[in-house]
Amino acid sequence: MTGARQAERQDNVRTASRGGPAGVSPFLRAPEGARAVFLVILFAVCGPLAGGGVLFGWRAAWVTVLSVVSCAVTERVFYRVTRVPALLGRTHGVLTGVLLALTLPAHVPWHVPVVAGAFAILVGKAVFGGVGHFVWHPALVGRLAVAVLYSTPLSAVDSRFEDRLAVLARGRLVFGDVRKAEYAEDGIAWERRPAPREDDAHLLTPPVRLLRGLTRGEPQYGALVYRRQKPERGPPAALLQMPPVNDLLWGARPGGIGETGVILIVVAGLYLVYRTYVKWPLPFAFCAAAWVTVAVAPIGLVGPGDVPQTLWLPILSGEGLDVGFTYVNYQVLSGELLLAALLASVEMTSRPVTTGGQVIFGAGCGALAMALQLYTDVSIPCYMAVLAMNTLTPTIDRFWRPRVFGMRRFGRARV
Amino acid sequence: MAYHRGMIFRRYGTFTGGIDLPDEKGATLDEAIVPCRLPAELRVPLAPCAGRAAEPIVRLGQHVRAGERIGRAADAGGVDVFAPLSGRVGPIVPAEVAGGHGFVESPAVALTELDGPAAAFDADGSPQADPLDWQAAEAGAICERISAGSLTTFRPRPQPLGSWVGRARENRCGTLVANAMEQEPYVTADHRLLVDRGADVVEGLAILRKAVGADEAILAADRRRTGAYEALMQAAERFGVTRIALPHKYPMGADTILVKVLTRRETPPGRSTMAVGAAVVDAATCRAVFQWVCRGVRPLGRVVTVAGDRAAAPANLWVPFGADCVELTGGAEGLIVHGGPMSGLRCGRRAVVTAATCAVLALSPPATPLPTVCIRCGWCTDHCPVRLNVTALNDAFELSLVGAARRGGAPACVECGVCSYVCPARLPLAQRVKQLKQAIRVAEVAQRPVGREAQ
């Protein structure tokens, strides 16, 4: 009897050491593990990262390496010091580092990604207990920290030209240095822009900055486009100052390393949807809410005779539906919205779990992001919107519950 | 994968969530049922259903014939126990029988020097009663006949069939469903029963319909298997049994989900499907009823699928009750599982075959890493057939919030195991929800005023 029991115990121990609660059904498991999930997301974000490497040169790769190393080292040191087992920590730390690099411009000095990475891991993740427990997206926490700490180095490549960032010129891609930038006129297509003589990059105004000038009624712009009648001596048309929409789609505009290439971001996002790591309603609600918000949010314009006027319902009023449509698309494409919607807000731990909750979350993110972009001066409106909605995630999860089989909606069991 | 045109393929309702499981049935799908090798010893459990064990009425060393009564039920919750094979009575030994949540210890009568009826599967021992012409008989007479047979249901939690019929009548069940979906990988016992003895199953279902007083009897089967069900079509026409072929999205075969799909009625959490007027049985129970009512033969064993990636000789065997589960696999190495791989139990050393044993599987031990932390991917919630927020229930489990779990609908869980199956963090989610359900039940029993019976 004793022998049999002992044998049974040994058998249990042996099965347990092979891993897994072998005594508990189901005895079949789907092959995908959490680490594999992070690795696949890491693979997906490599697309926008590669695009950034082409457009912003070797400095983009350098910023990425610094950010990833900073995240990984902080992670390692934290778990060594506190002696907490780092469950899934390392892979997720690397993923956080890459996502953080995507949001940073390539010209920043070396200490910016390092500080951002340390903030992301320590404040964003580790103090909450690591993977699965944090409230705010760690990479965005790091981005917010450096946006506050290093606002000047982040917003200007050359101190003489405030609010101008760089993108590499034709013929200088991949191997060029974005810090060697020359002032260039806005409003010209990237591929038709003459290459600078000595430097590698063009110094351009970020498109969001141009649009903000328009919507605040600043005197340098007169209308979206002068569709009906261009006055002899009047302020220029705002949309004609913008780069062509092709530049926004392919990413040849100043901005963060991974923010600019809309097509690459969409491809990466669709890949994650295909792998079912992202449910499409969340990014869709994000983009749709942003689009609708821009379409209806009133903006200030300078009318004829330098008279400020308010444009209610920009998509309808003004100069026709097509101009309104173009204006809305510029607003949506020119910032970091696509990266926030498709790769940042879908982070698993900091978004709601249920599909309905994700729609609420995404819609809130989109509306808030565009409100911040239109009416405030913050440098990272979309990331701040995601962080703000991350705060509400536990509340959304608590109050939005799918109707359980056999129960009423939001109700108690029928008895 | 041929479809049979005698089935109804109309699109019925469906359910949210669910998953496509690997099929893995190829090894035994076309294997006809054969009697198993005569075991050296049987340990016939005296408590095949939950409840008190039957009192043995045989002496040590006595010789019993197959079908002879060896135990008398102690209360209404148990059934009489009969000798599955002829042999000599040994001592009372402990055995483990599957009881839904896990194996339960039960005293068992050891039978040695066995000598079985040769064609055990077809005859099930000698007739113990006269055949009954059920089509002429009253419903009450059929009920009495069923109660007298000491039959049990062949579900994962067996119960006396007599009391089951009684409850179905009390609840005025208008729909009787024979659940032959059998969706779990490897398991083919019910499928083979429908192929080899389909007419018996259909007639048993018709008998049960009359006993329960149901208006409609439905045979629900997996769409992909219907090509082999030629034999039962004629009988089904004769007895007016509706044949419905359903897609194989797992867990379509869970009772509450099946009833919802067929009747659009949702069972309240924690209740049986009888609460919405639908009784669910399985093919093996139907055949047992047919054998007992029409031939006077008691079921003394059941069809068990022996399969799995480690099984030496996969087969569909007719096995007498009380046979050792581990012995059935022929000494296969690895993890021996009682029942299907999604909701089955890990066999202990003393596990024996009862009415609940649809399969004994020899699987390679899962090489999964230890559970990590929940990354809140939400796949469990997406795939849950009853739309539970399993992530929230996992939080409730970790914080011991039984009340929150009850409000979250934990009693609605059908224990299909899909949440554990998909979890990338390898958390035992199904097990945790089961534990929450138990805790909720305990709390409710403690609070319930005396005199109100549980459904």
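Naming: A, B, ... by sequence-line order, numbering from 1 per chain.
In this structure, the portion of B/Pro185 lying under 4.5 Å from any heavy atom of chain A is its side chain and not its backbone. For B/Val337, the part lying near chain A is the side chain, with the backbone staying farther off; criterion is any non-hydrogen pair under 4.5 Å. Only the side chain of A/His133 comes within contact range of chain B, with heavy atoms under 4.5 Å apart. Contact annotation for B/Ile336: neither backbone nor side-chain heavy atoms come within less than 4.5 Å of a heavy atom of chain A.
Nearest heavy-atom pair across B/Arg426 and A/Gly33 is NH2-N, 3.8 Å.
Residues B/Ile375 and A/Met348 have side chains in contact (heavy-atom distance under 4.5 Å, counting atoms from C-beta outward). Looking at heavy atoms from C-beta onward, B/Arg376 lies in side-chain contact with A/Asp397 at the 4.5 angstrom threshold. Side-chain contact between B/Thr16 and A/Phe405: absent, with no pair of heavy atoms (C-beta onward) separated by less than 4.5 Å. Counting heavy atoms from C-beta outward, B/Met342 and A/Phe27 have side chains that stay 4.5 Å or more apart. A heavy-atom distance below 4.5 Å is not found between the side chains of A/Val37 and B/Cys377.
By the neighbour-count criterion of 12 heavy atoms within 6.0 Å, atom CZ of A/Phe284 is sparsely surrounded, having that number or fewer from other residues, nucleotides or ligands. Residue-environment remark: CZ (B/Arg310) exceeds the threshold of 12 foreign heavy atoms within 6.0 Å.
Residues of residues 351-361 of chain A lying within less than 4.5 angstrom of chain B, judged on heavy atoms, are A/Arg351, A/Val353, A/Thr354, A/Thr355 in numerical order.
Listed options B/Gly339, B/Gly417, B/Gly378, B/Pro341 were ranked by heavy-atom pairs under 4.5 angstrom with chain A; first place goes to B/Pro341. Each of B/Gly409, B/Ala392, B/Ala404, B/Pro411 has some count of heavy-atom pairs under 4.5 Å with chain A, and the biggest count is that of B/Gly409. Heavy-atom pairs under 4.5 Å with chain A were tallied for B/Glu184, B/Arg387, B/Arg265, B/Gln431; the largest tally goes to B/Arg387.
The pair B/Glu266-A/Arg403 meets the salt-bridge criterion, since a charged nitrogen lies less than 4.0 angstrom from a carboxylate oxygen.
For the salt bridge (charged side-chain N to carboxylate O under 4.0 Å, His left out) test, residues two or more places apart in sequence or in another chain that qualify with A/Glu32 are A/Arg275.
Of the possible donor and acceptor atoms, one in the side chain of A/Arg29 sits under 3.5 Å from a partner among the backbone N and O of B/Ser420.
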